[in-house]
Every structure is written in C-alpha cells, then in structure tokens.
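Below is one structure, written out as structure tokens; comments come after it.
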Number of protein chains: 2
Amino acid sequence: MLTTIEVTGVNVATEIPLRVRGCCQPVAPRIPGPDAEECAAVFRALGDTTRLQMIHMLAKATEPVCVCDFTASFDLGQPTISHHLAKLRAAGLITSTRRGIWTFHQLNPAMSQAAREVVALLH
Amino acid sequence: MLTTIEVTGVNVATEIPLRVRGCCQPVAPRIPGPDAEECAAVFRALGDTTRLQMIHMLAKATEPVCVCDFTASFDLGQPTISHHLAKLRAAGLITSTRRGIWTFHQLNPAMSQAAREVVALLH
DNA sequence: TCCTTGCATCGATGGCTGTCGATCTGTTGA
DNA sequence: TCAACAGATCGACAGCCATCGATGCAAGGA
C-alpha cells in the first residue's frame with residue numbers, strides 16, 4: 001500500500017512508478033465508434049433526474065402510462081414532459097401508442113441489449 | 001396484438017384502452033430524490049463518447065494510465081482530456097495518483113455500488 | 001359543425017458543456 | 001538556481017439542453 005498525501009484532489013505518492021510499457025501509448029482496444037456513441041446516447045438519455053424517474057416509473061408500471069400521469073407526478077409543464085418523452089423515444093428506450101385521445105407510453109420491448117441491461121439496473 | 005398505424009413517430013391504435021386506475025394518477029413510488037440525482041450524475045458522466053472510452057480503457061488496463069496515454073489515444077488537446085478526467089473524478093468513477101512527474105488514473109476502488117454495476121456492463 | 005381535451009410542436013431564453021489556447025504549478029535534472 | 005516537462009486551471013466561445021408559454025392538431029362528444 002502506498003503512502004499518499006491529498007493535494008487539490010490528487011494523491012501524491014512518494015514511490016517510483018512501476019511502469020512496464022512506455023509512456024504516451026494507447027492502452028487498450030477502443031469500443032468501436034458507433035457502439036460507443038450508441039451506448040453514450042443511452043447514458044445521456046438517463047443522465048437527467050426526470051427521465052430517470054420516468055424510466056423507473058415505466059419499469060414499475062403494470063399498465064401503460066399516459067402523459068398526464070407524468071405531469072401529475074412531476075412539477076413540470078406538459079410541453080417539458082412531452083420533450084423528455086421524445087428524448088427517451090429517440091434513444092429507443094420507450095414506445096408510444098395512441099389510443100383515442102390518450103397516448104400511452106411503455107418501455108420499448110425491442111430495446112437494444114445494452115439498453116436493456118442498463119434499465120435492468122434500475123430494478 | 002394491436003393493429004397500429006405510424007403517425008409522426010407515435011403508434012395509433014384502434015382499440016379502447018384497458019385502463020383500471022383513473023387518469024392523471026402518480027403511477028409508482030419514485031426513486032428517492034438524492035439517489036436519483038446521484039444515479040443520474042453517473043449516467044451523465046458516461047453520456048459522452050470520450051469519457052465512455054476512457055472508462056473502458058481504464059477497465060481494460062492492467063496498470064495505471066497517465067494523461068499522455070489518453071492524449072495519444074484521442075484527437076483532443078491536453079486541457080480537454082484533463083477536463084474529462086476531472087468530470088469522471090467528480091462523479092466518483094476514477095481516482096488520480098501523482099507519482100513524480102506523472103499523474104496516473106484508475107477506476108475508483110471505492111466506487112458506489114450503483115456506479116460499479118454500470119461500469120461492469122462495459123466489460 | 002363546433003367545442004373540448006390530450007398531446008405534439010414551435011420559438012425563445014437562460015444555463016450548462018465540450019473544446020481550445022494561454023497560463024500557472026509542481027517536479028525533475030542539470 | 002534555472003530550464004524542461006506533465007498536467008491542472010482559467011477565460012472564451014460555440015453549441016446543446018431543460019424549461020416555458022403559445023399554438024397547432026387530431027379525436028371525441030354535443
């Protein structure tokens with residue numbers, strides 16, 4: 001175990017680094033570009049408290065949820081809720097179905113495997 | 001299976017909704033506020049392709065990684081890399097240790113359980 | 001045919017974020 | 001003591017994002 005000292009959020013160690021490879025070398029194979037962007041997009045969609053709560057609500061819900069359920073649950077206007085739902089839809093996390101006057105939302109059954117694994121973490 | 005028609009990204013179903021509870025009702029218990037915000041912060045930190053690649057590299061690396069390794073791997077300036085590392089550090093995903101001239105970075109061994117589960121998905 | 005209702009869309013606005021060049025700081029070696 | 005280097009910080013800037021009020025639009029009911 002190294003003895004370290006906190007300095008502006010960075011630990012200062014007093015020992016010589018054990019370093020095999022040279023410096024300034026790429027370290028490991030990267031995630032393929034498109035995969036990384038798609039994965040980041042899912043994280044970005046969930047990187048907002050409101051949308052995270054929405055996905056959690058949909059994951060818990062036993063029947064489809066309409067927009068007014070969300071507006072009743074969050075202190076936000078209807079256009080803002082609609083905007084968040086559009087973001088979740090664009091990320092492929094939910095699907096929306098209109099039945100008569102109402103539009104119902106649910107987790108996308110055809111969600112990507114990566115997205116499914118992330119959503120599963122939200123119980 | 002419902003027969004649906006695509007209209008501006010929303011499916012239009014022709015059947016009457018099966019709805020037990022009334023409309024405009026909160027649906028399920030929410031994630032406690034602080035938990036949701038902390039969780040969203042982790043997702044937000046991973047919601048950028050560069051940072052996602054960084055975490056992936058650190059997860060794959062067998063020894064600590066210094067800033068110049070990242071600048072060699074990404075087409076970004078050193079201040080930008082430093083900025084992204086600071087974001088990952090603020091989210092509790094990595095720790096940074098200075099040894100002599102270099103600052104080495106690694107996945108935070110004391111990462112929150114939620115964060116650990118998310119990072120584990122990146123292989 | 002007209003009104004009401006649920007929801008999407010538009011335009012505006014303030015705040016946040018990714019990126020850069022310039023600069024500052026701390027460490028090493030001469 | 002000083003020069004060279006790794007990396008953090010600062011200030012600026014452009015682009016994105018969350019939010020709102022206003023408006024448009026489709027469906028249902030009178």
Side-chain angles (χ1 to χ4, degrees), chain A residues 5-17 19 22-24 37 40-41 43-54 64-72 74-91 94 96-105, chain B residues 5-17 19 22-24 37 40-41 43-54 64-72 74-91 94 96-105:
Chain A
I5 312 161
E6 265 297 318
V7 175
T8 64
V10 171
N11 296 318
V12 178
T14 54
E15 301 188 13
I16 297 170
R19 182 91 175 185
C23 199
C24 303
E37 182 44 44
F43 285 132
R44 223 176 298 132
L46 295 174
D48 179 276
T49 312
T50 301
R51 289 195 294 266
L52 195 59
Q53 299 272 17
M54 284 175 157
V65 179
C66 72
V67 173
C68 62
D69 293 321
F70 289 121
T71 55
F74 299 99
D75 192 21
L76 292 172
Q78 174 266 320
T80 303
I81 296 292
S82 204
H83 159 81
H84 283 306
L85 288 169
K87 288 242 164 189
L88 292 173
R89 210 180 303 129
I94 69 170
S96 305
T97 307
R98 172 175 295 168
R99 293 190 192 173
I101 286 240
W102 295 287
T103 302
F104 293 102
H105 307 273
Chain B
I5 311 162
E6 264 299 316
V7 174
T8 65
V10 171
N11 295 319
V12 178
T14 56
E15 301 188 10
I16 296 170
R19 183 92 175 182
C23 199
C24 303
E37 182 44 44
F43 286 131
R44 225 176 296 132
L46 296 174
D48 177 275
T49 312
T50 301
R51 290 195 293 268
L52 195 59
Q53 299 272 19
M54 285 175 156
V65 179
C66 73
V67 172
C68 62
D69 293 322
F70 289 121
T71 55
F74 299 99
D75 191 22
L76 291 172
Q78 173 266 320
T80 303
I81 296 292
S82 203
H83 160 80
H84 283 305
L85 289 168
K87 288 241 164 186
L88 292 173
R89 210 180 301 129
I94 68 171
S96 305
T97 309
R98 172 175 293 168
R99 293 188 190 173
I101 285 238
W102 295 286
T103 303
F104 293 102
H105 306 273

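Within every chain, numbering begins at 1; the chains are lettered A, B, ... in the order of the sequence lines, protein sequences first and strands thereafter.
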### Summary
Of all heavy-atom pairs linking B:A41 and B:A91, the shortest is O-CB, 4.5 Å

### Query
Would one find a side-chain N or O of A:T80 under 4.0 angstrom from OP1 or OP2 of D:dA18?
no

### Task
Calculate the interatomic distance between B:L88 atom CG and C:dT17 atom C1'; express it in whole Å.
14 Å

## Note on the structure
side chain to side chain contact (heavy atoms under 4.5 Å, CB included) filter on A:T50, not counting sequence neighbours, yields A:D48, A:M54, A:F74, A:L76, A:H84

### Query
What's the closest nucleotide to the A:L76 side chain, out of C:dA8, D:dT19, D:dA8?
D:dT19

### Query
Say you draw a straight line from CZ of A:R98 to OG1 of A:T103; how long is it, rounded to the nearest 0.5 Å?
5.0 Å

#### Entry: Nearest-angstrom distance from the residue atom NE2 of B:H84 to C1' of C:dC20
12 Å

### Summary
Interatomic distance, CZ@B:F104 vs CG@B:D69, rounded to 0.5 Å, equals 8.0 Å

### Query
Starting at the 5' end of DNA chain D and moving along, which residue's nearest nucleotide shows up first, B:V67 or A:Q78?
B:V67

### Distance, rounded to the nearest Å, where B:F70 contributes CZ and D:dA6 contributes P
16 Å

### Query
In whole Å, what is the span from the CG atom of B:L46 to the C1' atom of C:dT17?
16 Å

### Message
Just to verify, which of A:L88, A:T97, A:V67 counts as forming a side-chain contact (heavy atoms from CB on, under 4.5 Å) with A:H105?
### Response
A:V67

### Task
Would you name the heavy atoms of A:L52 and B:F43 that are closest together and state the gap between them?
CD1-CE1, 3.7 Å

### Summary
For A:Q78, the side chain to side chain donor-acceptor pair (under 3.5 Å) test, sequence neighbours excluded, returns none

### Message
As a test of reading the structure: which of C:dC7, D:dG7, D:dC20 is closest to the side chain of B:T103, going by heavy atoms?
### Response
D:dG7

### Task
Round to the nearest Å and state the distance from A:D69 atom CG to C:dC7 atom P.
8 Å

#### Entry: Distance test, side-chain N/O of A:R89 to OP1/OP2 of C:dA8, below 4.0 Å
yes

### Query
B:W102 and B:C66: which non-hydrogen atoms are nearest, and at how many Å?
CD1-SG, 4.2 Å

#### Entry: Whole-Å gap separating P (D:dC5) and CZ (B:R98)
17 Å

Using a cutoff of under 3.5 Å, can you pull out all pairs of nitrogen or oxygen atoms linking the protein to nucleotides 12-17 of chain D, with atom names and distances?
none

### Query
Roughly, in whole Å, what's the span from CG in B:L52 to P in C:dG18?
13 Å

Using a cut-off of under 3.5 Å, enumerate the N/O to N/O pairs linking the protein to nucleotides 2-4 of chain D.
none

### Summary
Testing C:dC7, D:dG7, C:dC20 for proximity to the side chain of A:S82, the answer is C:dC7

### Task
Mind calculating the distance between CZ (A:R99) and C1' (C:dT5) to the nearest angstrom?
19 Å

#### Entry: Which nucleotide in C:dT19, D:dA8, D:dC20 has an atom nearest any side-chain atom of B:H105
D:dA8

### Task
Quick one: stems involving DNA chain C, counted as three or more successive Watson-Crick or G-U pairs, both distances short of 3.5 Å.
C:1-30 with D:1-30

### Residue pair A:A45 / A:R51: nearest heavy atoms and the distance that separates them
O-NE, 2.7 Å

#### Entry: Listed partners of A:R44 passing salt bridge (Lys or Arg N to Asp or Glu O under 4.0 Å), at least two apart
A:E37

### Task
For the residue pair A:S82 and A:L85, establish whether any side-chain heavy-atom pair is separated by less than 4.5 Å.
no

